[in-house]
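What follows is a single structure, written as structure tokens, with notes after it.
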Amino acid sequence: MGMLSVDLFITLDGVYQAPSGPDEDPSGGFEFGGWQAAYSDEGTGAVIMAGIDRMDALLLGRRTYDIFAGYWPSQDAGDPIAGKFNAMPKFVVSRSLTDPSWQGTTALSDVSEVGQLKDRFEDIHVVGSGDLTRSLLNADLVDRLNLYVYPLTFGKGKKLWTEGAGIPAAFRLVGQPQAFPKGALCLVYERAGDPVTGIDIGQQ
């Protein structure tokens, strides 16, 4: 059985919107796009690239798919990220997209089809794709959260954990947290059953 991982770049107040560029996603009047680069360094780049190297399938929501499909196919074939993304099997969950233009992409009409991918691939990654990630959390299909936390707050913007997102779930920290010179953190959590609740802190 394969692993479904979510790679998420988030701020301290939980915003994941438009980390990669000013025009990536200005919806809702979000004017802070392109916030990740100022906090990137060799360390964060190496960890992110190691995660990309481990992927054998890429799963995206429709909005992120359109961004990726409009960018990566036109990048130099020698770029290691472009080479990996363009070559690997890709899946997009969309009820309206039936004929994806990015070579190697299969459209899935519903999140219920995602579970079958774990029988075919070892390490499936979701990148960005907040709406899809919420649906995957609701369906309890997420095995691992790769959280890249950046030392910023915006007070507005798209957040993953909104009211009603996800189900009660426990996660365990995998390995040591990694801190980088410009203040970013990498935290990796894997699904670990149900939350333990109902304990008075004074009883411990």
Side-chain angles (χ1 to χ4, degrees), residues 1-11 14-20 24-28 30 48 51-52 54-73 81 84-149 157-172 174 187-195:
M1 180 68 71
M3 181 83 67
L4 178 62
S5 300
V6 171
D7 299 346
L8 193 65
F9 306 113
I10 61 172
T11 64
V15 173
Y16 69 83
Q17 188 171 356
S20 300
E24 182 180 3
D25 180 9
S27 62
F30 188 71
I48 292 168
I52 292 172
R54 289 193 299 270
M55 296 181 195
D56 59 353
L58 181 63
L59 175 64
L60 302 171
R62 176 62 188 272
R63 183 186 295 272
T64 304
Y65 172 80
D66 286 343
I67 294 170
F68 276 34
Y71 179 79
W72 290 112
I81 299 178
K84 182 77 174 184
F85 283 172
N86 289 329
M88 76 167 62
K90 294 167 284 290
F91 299 86
V92 54
V93 179
S94 172
R95 291 185 176 89
S96 59
L97 182 64
T98 57
D99 187 21
S101 61
W102 194 3
Q103 186 175 1
T105 301
T106 300
L108 307 177
S109 61
D110 192 84
V111 75
S112 62
E113 300 177 56
V114 170
Q116 302 171 22
L117 299 181
K118 295 186 185 183
D119 295 327
R120 298 172 53 192
F121 301 99
E122 292 296 321
D123 202 355
I124 309 156
H125 283 239
V126 179
V127 179
S129 305
D131 289 343
L132 172 61
T133 296
R134 272 190 291 274
S135 296
L136 293 169
L137 288 167
N138 285 335
D140 200 16
L141 289 170
V142 176
D143 301 301
R144 181 187 291 130
L145 293 169
N146 298 319
L147 303 180
Y148 299 89
V149 185
K158 294 179 180 179
K159 297 182 180 181
L160 184 63
W161 288 280
T162 57
E163 182 67 27
I167 60 171
F171 290 80
R172 64 181 180 89
V174 181
L187 304 170
V188 180
Y189 291 94
E190 288 186 358
R191 189 73 167 83
D194 297 325

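Distance check: H125 NE2 to F85 CZ gives 9.5 Å after rounding to the nearest 0.5 Å. To the nearest 0.5 angstrom, T11 atom OG1 is 7.0 Å from K159 atom NZ. Expressed to the nearest 0.5 Å, how far CG of L132 lies from CG of L60 amounts to 8.0 Å. Expressed to the nearest 0.5 Å, how far CD of E24 lies from CZ of F30 amounts to 9.5 Å.
Side chains of R95 and D110 form a contact here, defined as non-hydrogen atoms less than 4.5 Å apart. No side-chain heavy atom of Y189 sits less than 4.5 Å from a side-chain heavy atom of V174. Looking at S96 and R62, their side chains come closer than 4.5 Å, going by heavy atoms from C-beta outward. Contact check for V127 versus L58: side-chain heavy atoms found under the 4.5 Å cut-off. Side chains of M55 and D7 form a contact here, defined as non-hydrogen atoms less than 4.5 Å apart. Using a 4.5 Å heavy-atom threshold, the side chains of L136 and V126 count as touching. With a 4.5 Å cut-off on side-chain heavy atoms, M1 and D119 count as touching. In this structure, S5 and I124 have side chains that are not in contact, with every pair of non-hydrogen atoms separated by 4.5 Å or more.
Between the side chain of D56 and the backbone N or O of D123, at least one donor-acceptor pair lies under 3.5 Å. Not one N or O on the side chain of K118 forms a donor-acceptor pair closer than 3.5 Å with the backbone of V114. Side chain of T105 to backbone of W102: a donor-acceptor contact under 3.5 angstrom is found. When atom types are taken as modelled, the side chain of Y65 and the backbone of F91 share no donor-acceptor pair closer than 3.5 angstrom. A donor-acceptor contact shorter than 3.5 Å is absent between the side chain of N146 and the backbone of L8.
Summarising the local packing, CZ of R191 is surrounded by more than 12 heavy atoms from other residues, nucleotides or ligands at distances under 6.0 Å.
Partners of F171 according to the ring pair (Phe, Tyr, Trp, His ring centres under 6.0 Å) rule, which considers only residues two or more places apart in sequence or in another chain, do not exist here. With sequence neighbours excluded, no residue satisfies ring pair (Phe, Tyr, Trp, His ring centres under 6.0 Å) with Y71. By the side-chain hydrogen bond (donor to acceptor under 3.5 Å, both in side chains) test, D25 is found to be paired with S27, K158, residues two or more places apart in sequence or in another chain being considered.
Nearest heavy atom pair, residue V93 against residue L59, reads CG2-CD1, 3.9 Å.
A donor atom on one side chain and an acceptor atom on the other are not found under 3.5 Å apart for R63 and S129.
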Q.
Apply ring pair (Phe, Tyr, Trp, His ring centres under 6.0 Å) to residues Y16 and F9 and explain how you reach the verdict.
A. CA-CA 6 Å; Y16 69 83; F9 306 113; over 10 Å; no
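Each of L108, L97, T106 was compared with V92 under the side-chain contact (heavy atoms from CB on, under 4.5 Å) criterion, and only L97 meets it.
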